[in-house]
Amino acid sequence: MRIYTYILLVLLSLCLFSCDKKRQYTRQGNSSYNKQSYSEAEEQYSKALHEDSNFVVALHNLGNTYMLADSNYKASAKLYSQALSQPVGKTKKDTLAYANTLYNRGNAFFYLSQQHTQDSNSMEYLQQATKDYMQTLMLNPEDSNAKYNLALCLWLLKNDNQNNREQTEQQIQQVLKSINIKEKQALERAKLNRENTKSESDEKDW
């Protein structure tokens with residue numbers, strides 16, 4: 001029994017040590033990234049992923065580094081996809097982080113579509129970017145950048161293939177309807193909160 005307990009404690013210690021190392025490497029990568037030392041940032045994020053190949057923060061940040069420093073949009077999209085495949089937490093912060101990764105992957109696909117304008121992959125990348133921007137807005141309706149990029153993608157899709165015009169317009173209406181519903185709900189909640197705050201303040205004797 002004592003041997004099993006000792007082994008369990010050793011394994012737990014190793015796990016905690018590994019978790020600490022991956023976060024340490026990621027913090028160092030963030031510091032280098034902020035200093036525009038992108039090669040060093042890539043190295044540190046890669047070390048973090050060597051400790052945990054599914055560490056979402058390092059996957060996301062390495063994707064950002066590849067896209068910004070190297071214009072390696074395929075590698076970025078792959079890293080973002082791996083990050084998006086991991087379990088998502090239940091907090092609002094987790095949801096917004098997931099939406100941010102979706103948005104960044106949409107950007108990677110959009111840039112790929114512009115790099116491949118002379119081949120058949122261009123439209124496929126553009127469609128993938130459109131889907132990512134749509135999903136971003138479903139999770140975060142207030143993301144104005146995603147709204148603009150989505151409108152641009154849909155406009156490009158519509159003008160590239162007039163046969164799909166009706167389908168594209170339906171997509172626009174569906175997305176806008178969903179966004180408007182979510183924004184309306186948010187406004188109603190905000191209004192309710194203001195009313196509750198007002199009534200509470202009226203009751204208090206300051």
Which atom names give the shortest non-hydrogen contact between Thr26 and Ala58, and what distance separates them? OG1-CB, 3.9 Å
How long is the gap from CD on Gln114 to CG on Leu156, to the nearest 0.5 Å? 6.5 Å
Tyr103 and Asn145, any side-chain heavy atoms less than 4.5 Å apart: yes
Just checking, is any N or O donor in the side chain of Asn64 or Tyr80 under 3.5 Å from an acceptor N or O on the other one? yes
Would you please classify the geometry between the Tyr33 ring and the Tyr38 ring as parallel, tilted or perpendicular, with 30° and 60° separating the classes? perpendicular
Search all heavy atoms of His116 against all heavy atoms of Ser122 and return the closest pair with its distance. O-CB, 2.9 Å
Without swapping roles, check the side chain of Thr65 against the backbone of Asn61 for a donor-acceptor pair under 3.5 Å. yes
Should the heavy atoms of other residues, nucleotides or ligands under 6.0 Å from NZ of Lys78 be counted, would the total exceed 12? no
Hey, is Glu43 close enough to Lys47 for a salt bridge, meaning N to O under 4.0 Å? yes
Of all heavy-atom pairs between Thr136 and Leu102, which one has the smallest distance, and what is that distance? OG1-CB, 3.4 Å
State whether the side chain of Ser85 and the backbone N or O of Gln82 hold a donor-acceptor pair below 3.5 Å, judged by distance alone. yes
Please give me the minimum heavy-atom distance between Cys153 and Tyr133, naming the atom from each residue. SG-CE1, 3.6 Å
Measuring from atom CG of Leu49 to atom CG of Leu59, what distance do you get when rounded to the nearest 0.5 angstrom? 5.0 Å
Does Tyr45 form a side-chain contact (heavy atoms from CB on, under 4.5 Å) with His60? I'd like the steps, not just the answer. CA-CA 10 Å; Tyr45 293 140; His60 177 97; over 6 Å; no
